[in-house]
Every structure is written in structure tokens, then in C-alpha cells.
2 protein chains.
Amino acid sequence: MRIILIYLFRLIHYNSSMVKNSEKILADHNVSITNPRVFVLEVLLENKGPITLDELQSTLKNKVAKSTLYRVLNDLKKINILDEFTSPENQTVVELSLSENDHHHHVFCTNCGEVEDITLSEVFEKQLSDEISNIHKTSKYLIKEHTLELIGLCSSCK
Amino acid sequence: MRIILIYLFRLIHYNSSMVKNSEKILADHNVSITNPRVFVLEVLLENKGPITLDELQSTLKNKVAKSTLYRVLNDLKKINILDEFTSPENQTVVELSLSENDHHHHVFCTNCGEVEDITLSEVFEKQLSDEISNIHKTSKYLIKEHTLELIGLCSSCK
DNA sequence: ACAGTAAATGAGAATAATTCTCATTTATTT
DNA sequence: AAATAAATGAGAATTATTCTCATTTACTGT
């Protein structure tokens with residue numbers, strides 16, 4: 001009985017701090033706090049990393065209407081805390097990007113389809129930003145962002 | 001009159017050499033030579049660079065059925081001479097990739113939506129492949145390919 | 001805390017994108 | 001040139017995404 005109570009306590013505490021987090025994020029971006037937005041953010045926060053749209057949909061199946069899920073994702077994109085990209089297998093993948101300095105890239109596994117974050121060395125990131133400065137000097141483009149995606153095999157499939 | 005004849009001669013010559021090209025590409029990859037495949041390849045060859053699916057569709061509107069266009073594009077992907085990617089505005093973009101050594105990246109203009117090819121410096125490409133070797137040494141991933149995409153403003157929109 | 005107002009949601013219809021089906025046509029082999 | 005296998009066209013079927021509108025929910029000022 002005591003174990004069950006401890007479990008329940010932890011569960012409640014965990015969830016309430018989670019909700020707080022989601023609510024704070026929404027409030028910080030001047031977006032009204034609604035159940036669907038909180039539910040979606042909770043899943044994205046718990047997941048911590050890229051997640052396919054399919055997975056997100058099935059996780060939230062009975063909590064958020066399909067049309068609302070699309071709307072919420074667009075809301076999050078609009079306030080710039082959600083990245084969306086397409087995997088080599090043409091799956092839509094989304095990922096929370098809360099802090100600007102949390103710069104990273106993605107690895108797609110061609111075998112199992114998983115997507116993971118990878119952080120490249122500071123040396124290389126410096127070399128990349130140097131290359132972009134060179135583009136600014138020598139070409140007509142003005143580069144504001146970039147994405148670098150690596151495609152290969154993950155540890156399980158290697 | 002002579003000018004018209006010269007023009008016609010050039011047009012016919014140009015087109016016939018074009019067809020030859022497309023046919024050779026298909027033959028080289030053990031794919032049967034059919035009208036839809038030749039038409040699609042012609043447009044991709046003439047265009048020389050990334051092209052949106054919409055543009056491709058409207059160019060071939062009365063020559064190739066919609067379903068066949070999708071099939072042909074899948075055929076070309078299967079024989080590894082076509083790359084497909086999604087622009088930041090969620091437009092599907094395809095591009096012929098005939099030679100392996102023609103390594104380049106893309107610039108997306110956030111204003112007009114255009115996509116162009118860009119070749120990065122050899123120095124940087126070397127730095128990038130070094131970084132990937134480091135990943136092989138220090139992480140569990142095996143990287144086989146990568147894509148680097150730059151997002152910003154093109155010359156006209158800058 | 002409460003009424004009034006604006007915004008967000010759910011359910012499903014509408015639209016867009018992609019794949020599938022199958023009868024007919026076209027290419028390849030002999 | 002005939003036989004066989006593969007590819008195509010047309011549109012149906014499926015899937016992905018956006019839209020509509022009646023109802024519900026969140027925010028504002030008191």
C-alpha cells in the first residue's frame with residue numbers, strides 16, 4: 001500500500017511539474033494555455049528528441065483531434081519552438097527546439113528509420129560558419145540558417 | 001527564310017541530341033526506354049538544377065499522366081539518378097544527380113521560394129569529411145551520406 | 001469570482017498529394 | 001512478325017492536410 005502511495009505521489013508530482021513546464025513555455029511566447037497545446041508539448045518534452053508525426057498522432061489519439069494537432073503544430077512552428085523536417089523515407093518528423101544555443105544535427109538510420117540528434121564538434125561548427133561567411137563575401141546569397149543531416153546506420157543496425 | 005531554316009535545324013539537332021542523352025541514360029541503367037521516361041528526363045536535363053514537383057507537373061501536363069509521372073520519378077530514384085527533398089516551405093523538389101562526383105548543396109530562398117545549387121569550397125568539404133570520420137571513431141553511427149542545406153535570401157531578394 | 005468577448009476546439013467535410021487498379025498500349029525477345 | 005512481359009493512362013482509392021462552423025474554453029475588465 002505504501003509503495004502504491006509513493007508511486008501515485010511521484011506520478012502526480014511528475015505530471016504537475018510537466019504541465020507547469022508546458023504552460024510556462026506557452027506563456028513565455030504569448031500563446032494561450034489550452035489543453036491540446038499542453039498535451040502536445042508534454043509529449044514533445046517527454047520524448048526529448050525528434051518524433052515522427054505518426055507516433056505523435058497515435059500517442060495523442062484520444063486526447064487531441066487530428067485537425068487540432070495540425071493546428072497546434074503550426075502554432076508551435078509560428079512561435080519558433082518546433083522544427084519540422086522530412087526523413088529520407090518521406091516521414092514527417094518534428095522536434096522541439098527550445099533554446100537557440102542548443103544547436104545540433106540529425107542522423108537518419110536507413111535501416112530502422114529512427115532519427116536521432118547528434119552534436120558536432122565545436123571545431124567543425126566554427127569551420128561551417130567560416131564557410132558561410134565566405135559565401136557571403138564571394139556569392140550573391142545571404143545565408144540565415146542551415147541544416148546538416150547525416151544518413152547511415154544507427155548503433156543497433158550497424 | 002534562311003534564318004528560320006537555321007533555327008529549325010538547330011532546334012531539331014538540339015532536341016535529337018537531347019533525346020539521345022535521355023535514352024543513353026536509361027539504357028546505361030538497364031531501364032527500358034519509354035516516352036514518359038524520356039519526356040521527364042528531357043525536362044530535368046534542360047532544367048539543370050532543382051525543380052519543384054509542381055513545375056515539373058505543369059510542364060508535362062499534356063504529355064505524361066499524373067500517375068505515370070510519380071512512377072517515373074520513383075524509377076529514377078530507384079536507379080539512383082534522382083534526388084528528392086523538401087523545401088522549407090514544404091514544397092517537394094527533385095533534381096537529377098547523374099555523376100557521383102558532382103557533389104553540391106542547396107540554397108533555399110525564404111522570400112521567393114527558389115532553390116539553387118551551390119558548391120562549397122574544397123577546404124570545407126574536406127573538413128566535413130574529417131568530421132564524419134571523427135563520428136565513426138567516437139560514436140556508434142555509420143554515416144553513408146549527408147545533406148547540407150542553406151536557407152536565406154537569393155541575389156534578387158537580398 | 002463573473003459576465004462578456006475573442007480565441008480555440010472537435011468532428012467531419014473539403015481539398016491536395018500520392019498510390020493503386022486494370023484494361024489497353026508499348027517495348028523486348030524470339 | 002508474333003508472343004510475352006512491362007509500362008501507361010484514366011480515374012478510383014488512399015493518405016495527408018486544411019477548412020468550416022457550431023460549441024466550448026480561455027482571457028479581460030470589473
Side-chain angles (χ1 to χ4, degrees), chain A residues 19-20 22-44 50-79 81-94 113, chain B residues 19-20 22-44 50-79 81-94 113:
Chain A
V19 169
K20 277 261 165 57
S22 319
E23 294 189 359
K24 187 173 179 336
I25 292 168
L26 293 171
D28 286 350
H29 289 86
N30 274 347
V31 167
S32 64
I33 295 158
T34 64
N35 278 333
R37 286 174 181 163
V38 168
F39 293 153
V40 172
L41 269 178
E42 274 174 21
V43 176
L44 293 173
I51 185 172
T52 63
L53 187 54
D54 285 347
E55 212 175 325
L56 197 58
Q57 270 176 340
S58 65
T59 306
L60 293 165
K61 198 162 33 201
N62 300 315
K63 282 180 130 181
V64 178
K66 194 171 40 136
S67 52
T68 303
L69 177 56
Y70 279 102
R71 276 189 289 232
V72 168
L73 293 177
N74 281 329
D75 295 340
L76 301 182
K77 279 192 253 174
K78 225 171 270 166
I79 61 175
I81 63 168
L82 188 80
D83 287 340
E84 181 182 313
F85 42 93
T86 306
S87 78
E89 291 91 8
N90 273 352
Q91 279 250 301
T92 299
V93 179
V94 295
Chain B
V19 168
K20 277 262 167 55
S22 317
E23 294 187 0
K24 187 174 181 332
I25 291 167
L26 293 170
D28 286 350
H29 289 87
N30 274 347
V31 168
S32 64
I33 294 159
T34 64
N35 279 333
R37 285 174 182 163
V38 168
F39 293 154
V40 171
L41 269 179
E42 274 174 22
V43 175
L44 293 173
I51 184 172
T52 63
L53 187 55
D54 285 347
E55 213 174 324
L56 197 57
Q57 270 176 339
S58 64
T59 306
L60 293 165
K61 198 162 34 199
N62 300 315
K63 282 180 130 181
V64 179
K66 194 171 41 135
S67 52
T68 303
L69 178 56
Y70 279 103
R71 276 189 290 231
V72 168
L73 293 177
N74 281 329
D75 295 339
L76 300 182
K77 279 192 254 175
K78 225 171 270 166
I79 62 175
I81 64 166
L82 188 80
D83 287 341
E84 181 182 315
F85 43 92
T86 307
S87 78
E89 291 91 6
N90 273 351
Q91 279 250 301
T92 299
V93 179
V94 296

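What you see is a predicted model, and the numbers here were worked out from it, not measured in a lab.
Note that the CD atom of A:Q57 and the CD1 atom of A:I51 stand 10.5 Å from one another [nearest 0.5 Å].
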Apply side chain to side chain contact (heavy atoms under 4.5 Å, CB included) to A:L73 and A:E84, showing your working.
-> CA-CA 9 Å; A:L73 293 177; A:E84 181 182 313; 5.8 Å; no

Walk me through it: do B:I33 and B:R37 pass the test side chain to side chain contact (heavy atoms under 4.5 Å, CB included)?
-> CA-CA 7 Å; B:I33 294 159; B:R37 285 174 182 163; over 6 Å; no

Check against side chain to side chain contact (heavy atoms under 4.5 Å, CB included), B:V43 and B:E55 = CA-CA 10 Å; B:V43 175; B:E55 213 174 324; over 6 Å; no

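Side-chain contact check for A:V31 versus A:L76: every heavy-atom pair is 4.5 Å or farther apart. Taking 4.5 Å as the limit, every side-chain heavy atom of A:F39 sits out of range of all side-chain heavy atoms of A:L69.
Taking the screw axis at each terminus of the helix from C:dA1-D:dT30 to C:dT30-D:dA1 from five consecutive base pairs, the angle between the two is 50° to within rounding of 10 degrees.
The distance between atom CG of B:N30 and atom C1' of D:dA6, rounded to the nearest whole Å, is 14 Å. Separating the CD atom of A:E89 from the C1' atom of C:dT19 is a distance of 18 Å, rounded to the nearest angstrom. Rounded to whole Å, the distance from CG on A:L73 to P on D:dA16 is 14 Å. At whole-Å resolution of the value, CG in A:N62 and P in C:dA11 are 10 Å apart. Here C:dT9 presents its P atom at 11 Å from CZ of A:F39, a figure rounded to the nearest Å. Rounded to whole Å, atom C1' of C:dA8 lies 14 Å from atom CG of A:L76. Remark: C1' of D:dT15 and CD of A:Q57 are 11 Å apart, rounded to the nearest angstrom. The distance between atom CG of A:L69 and atom C1' of D:dT15, rounded to the nearest whole Å, is 15 Å.
Counting heavy atoms of neighbouring residues, nucleotides and ligands inside a 6.0 Å radius, atom NZ of B:K77 exceeds 12 of them. Annotation: B:K78, atom NZ; neighbour count of heavy atoms from other residues, nucleotides and ligands within 6.0 Å does not exceed 12.
Residue A:Y70 places none of its side-chain N or O atoms closer than 4.0 Å to OP1 or OP2 of D:dT18.
Comparing B:K63 and B:K66 by the nucleotide of DNA chain D that holds the closest heavy atom to each, the one mapping nearer the 5' end is B:K63. Take the nearest nucleotide of DNA chain C for A:D75 and for A:N90: the residue whose nucleotide is more 5' is A:D75.
Between A:D75 and A:R71, no side-chain nitrogen of the basic residue sits less than 4.0 Å from a carboxylate oxygen of the acidic one, so the salt-bridge criterion is not met.
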Any protein N or O atoms within reach of nucleotides 20-30 of chain D? Criterion: under 3.5 Å, listing atom names and distances.
unit_1	atom_1	unit_2	atom_2	d
D:dT20	O4	A:R71	NH1	3.3
D:dC27	OP1	A:I33	N	3.0

